[in-house]
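To start, the structure under review is shown below, and the notes come after it.
Everything quoted here is computed from the prediction, not taken from an experiment. Order of the sequence lines sets the chain letters (A, B, ...), proteins ahead of strands, with each chain counted from 1.
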Number of protein chains: 2
Amino acid sequence: MAPRTTQILEAAARLIARRGVRGLRVEELAAEAGVSTGLIYYHFKDRTGILRQTLEFISDRAERYTAGHVARAEPLDPRAELEETLLLELQDTPVVRENSTAWGELRASAVFDADLRDDLARATLVWVQEVAALLGQVQPTAPAPALAAAGERLTAQLEGLSMRWLSGGLRIDHARDLLRGAIDAEVAALRGD
Amino acid sequence: MAPRTTQILEAAARLIARRGVRGLRVEELAAEAGVSTGLIYYHFKDRTGILRQTLEFISDRAERYTAGHVARAEPLDPRAELEETLLLELQDTPVVRENSTAWGELRASAVFDADLRDDLARATLVWVQEVAALLGQVQPTAPAPALAAAGERLTAQLEGLSMRWLSGGLRIDHARDLLRGAIDAEVAALRGD
DNA sequence: GTCTATAATCGGATAGAC
DNA sequence: GTCTATCCGATTATAGAC
């Protein structure tokens with residue numbers, strides 16, 4: 001991909017995280033990317049095209065981000081590794097907030113845009129499987145389908161809590177506590193199986 | 001509430017579910033409701049006011065159909081009651097789909113629109129407390145804070161699963177199975193406390 | 001490829017008649 | 001209470017120079 005295109009998409013992702021899909025202004029995007037509006041329209045067909053490519057870009061980047069974390073492979077015990085992986089997404093730092101916000105926008109946009117769904121589903125699957133694998137290290141005797149289901153639940157739980165946090169309904173510390181509680185409950189249920 | 005207001009709010013809920021909050025145009029709302037744009041502004045302060053009242057309308061309506069199921073002929077045991085209340089929101093029927101879609105949109109919009117947050121938080125709290133109360137009937141010995149936390153988790157879990165369903169990442173039957181599993185895990189954890 | 005300047009459109013909001 | 005007509009600022013999108 002052309003460097004200019006990437007530069008604009010990165011700026012668009014930042015802006016979507018800050019203002020939302022609805023709040024993205026082409027002129028503001030140009031300023032954020034350090035180019036002119038004319039150039040935006042040279043590289044993209046129209047505003048919808050920008051949006052579509054940016055949302056694809058966000059879901060691609062999410063895959064890389066998750067993969068990078070796995071490759072880091074620190075010698076934590078499985079349970080701590082699981083907890084850290086999930087709690088990583090519930091931190092009030094600029095980068096996490098931006099990623100989570102953009103991800104939420106992507107998820108919400110996909111409800112009305114079928115073209116986005118495949119990418120989103122793929123990125124979600126990678127994430128679910130990573131969590132399921134970590135759960136498998138915590139409870140090696142648990143059957144695979146139970147691990148898969150717990151992975152789906154915990155990631156969906158995290159998305160739900162994240163949205164409440166971002167929409168101002170939950171303070172971050174409380175959201176983290178709640179997520180820890182959910183992990184406890186799921187791990188206990190896998191042990192009970 | 002004035003019949004005209006209700007008529008407009010019903011149209012707004014339909015439109016939000018169909019096009020998203022982002023796609024709601026006052027002119028289109030007028031057409032959908034069968035009135036003029038001028039009348040919309042007679043009944044509502046501005047576009048945000050429409051959104052805010054639609055949010056209230058949607059959560060009231062959700063309560064109403066929840067309450068409707070409570071008033072069934074044969075009273076269910078608390079556990080079944082809890083499960084049915086939550087699963088009610090995960091059904092592929094027009095009215096539930098419309099409500100869930102609109103709710104998801106408003107949640108996502110609140111991330112960028114502070115004006116929506118208070119109402120959203122209030123509506124969420126009512127819901128969380130209702131679920132906590134049902135949990136309290138299932139596990140009367142559980143301490144109140146544990147019930148509150150479980151209520152917050154289960155409702156956030158449901159929102160997360162609902163978004164995945166609506167964005168095409170999860171089939172409805174599977175989403176329902178996952179939610180049942182989450183209820184099992186939470187109830188078991190409360191028993192263990 | 002990139003910019004500046006500007007045309008064209010969109011959409012929220014209001015005025016005023018009935 | 002309700003409508004028609006319209007205003008006007010905000011944004012998208014294009015033209016044309018470099």
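No more than 12 heavy atoms of other residues, nucleotides or ligands shown are found within 6.0 angstrom of CZ on B:Arg171.
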*How does protein contact run along nucleotides 1-14 of chain D, one letter per nucleotide 5' to 3', with B for base contact, S for sugar-phosphate only, - for none, heavy atoms under 4.0 Å?*
BBBBB-----SSBB
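Under the 3.5 Å distance criterion, with hydrogens and angles disregarded, no donor-acceptor pair is assigned to the side chains of B:Arg22 and B:Ser109.
Proximity of A:Glu28 to A:Glu32: side-chain heavy atoms (C-beta onward) are nowhere separated by under 4.5 Å.
In the hydrophobic clustering (ILVMFWY side chains linked at under 4.5 Å, chained through shared members), A:Val95 is joined by A:Val96.
In this structure, the side-chain contact (heavy atoms from CB on, under 4.5 Å) partners of A:Gln53, at least two apart in sequence or on a different chain, are A:Leu9, A:Phe44.
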